[in-house]
Number of protein chains: 2
Amino acid sequence: MPRLRAHSFSLSLDGYGAGPDQDLANPLGVRGPELMEWLFPTRVWQAMHGPADSGETGVDNAMAERGFAGIGAWILGRNMFGPVRGPWSDDAWKGWWGEEPPYHTPVFVLTHHPRASLTMAGGTVFHFVTEGIHAALEQARNAAGPLDVRVGGGVATVRQYLQAALIDELHLAVRPVLLGRGEPLFRDLDLPALGYACAECVPGERATHVTIRKQGR
Amino acid sequence: MPRLRAHSFSLSLDGYGAGPDQDLANPLGVRGPELMEWLFPTRVWQAMHGPADSGETGVDNAMAERGFAGIGAWILGRNMFGPVRGPWSDDAWKGWWGEEPPYHTPVFVLTHHPRASLTMAGGTVFHFVTEGIHAALEQARNAAGPLDVRVGGGVATVRQYLQAALIDELHLAVRPVLLGRGEPLFRDLDLPALGYACAECVPGERATHVTIRKQGR
């Protein structure tokens with residue numbers, strides 16, 4: 001059965017998946033980009049943002065690469081798609097990624113506000129789902145067919161799918177960074193009680209990569 | 001100036017320094033010993049509990065070894081010394097470690113209940129401090145002279161010394177284990193605001209070793 005996977009979820013040593021005070025100027029929160037500093041130098045990231053043959057190979061890159069293998073649809077939380085919080089007053093907003101987003105699959109965006117689907121260059125189609133995480137997953141699974149579905153974030157969305165025990169595999173990139181405040185991943189989430197355990201721990205160049213799996217999947 | 005150090009503080013991936021439901025049968029809490037599984041096979045640990053030349057060398061061992069270098073006195077929280085919670089009704093209790101504890105220095109035990117000092121074999125002398133963490137540190141510094149003082153734990157004691165920004169160096173051994181519940185280290189502790197930052201991250205055989213330092217020390 002195709003799986004629901006989350007990858008490259010960057011975490012501070014003290015357990016924050018985003019910094020505090022998230023806003024338009026700081027979509028990842030204050031100091032949030034420090035959590036991603038393992039990803040920026042990788043070939044996977046560089047290829048999305050520049051020439052295909054630039055960027056570092058290595059463990060960090062290999063772990064980032066894994067997250068794109070066998071994915072037939074994505075699910076994104078509202079804030080991952082954009083900073084507009086109210087109803088879709090500004091329908092000109094087409095996500096953070098310009099005309100050709102890096103998904104190349106259907107992408108299901110969780111929101112409270114209906115909006116018509118949005119077809120972008122390169123195969124990405126944004127669909128806006130107002131009926132919650134289960135409906136979004138069902139639509140994404142239908143779209144993905146035999147392939148897996150990837151949850152792209154943010155923290156609240158990943159937490160909701162974990163709390164519902166719907167994520168099969170979660171790859172964390174733990175950075176040796178202290179944030180002190182922000183959006184915690186694990187708080188009040190009893191992952192072993194939900195059936196999760198650590199399956200793998202691999203040191204990378206700029207992060208420690210831990211894979212958490214639902215037991216029996 | 002001599003420093004206050006904490007070493008080999010074992011932490012689950014989800015941030016717990018001890019498991020839930022700590023009691024006499026589970027002094028580290030349920031599943032707490034899993035946090036320590038990096039330490040048990042090391043030569044440092046084995047030498048304390050058996051023949052001197054048994055146990056593994058390697059990164060885990062080297063990190064555990066560091067914690068004993070240059071230490072002139074220890075501070076322990078009440079539960080680290082023993083399971084007796086009330087007044088010292090049972091003065092026969094001499095700690096978990098038998099007649100020759102592995103400290104070989106003065107050890108200052110935080111407690112609410114006065115008790116006469118206790119001289120053990122091998123140089124360990126337990127002193128019982130009822131005046132709080134600052135008094136214990138002052139007494140430990142006086143005893144250690146030019147050497148450093150080590151906080152041995154448990155979680156609550158390390159948290160108190162961090163909150164007071166008195167710890168200069170904290171070595172964490174992060175285990176790829178999820179506990180789900182237990183005694184969290186970082187909760188409501190804004191370490192960057194207290195002047196702390198990650199200084200080092202080294203992968204070991206069974207844990208990732210992260211050293212946190214007070215800036216400017």
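Residue numbering restarts at 1 for every chain, and letters A, B, ... go by the order of the sequence lines.
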Residues of residues 169-187 of chain A contacting chain B, heavy-atom criterion under 4.5 Å, by residue number: A/L172, A/V174, A/P176, A/V177, A/L178, A/L179, A/G180, A/R181, A/F186, A/R187
Counting only heavy atoms from other residues, nucleotides and ligands, does the tally under 6.0 Å from CD of B/E138 exceed 12? no
Do A/V210 and B/T208 come within less than 4.5 Å of each other through their side chains, counting heavy atoms only? no
Is chain A contacted by the side chain of B/A197, its backbone, both, or neither, given a heavy-atom distance below 4.5 Å? backbone
Pick one of side chain, backbone, both or neither for B/L13, based on which atoms fall under 4.5 Å of a heavy atom in chain A. both
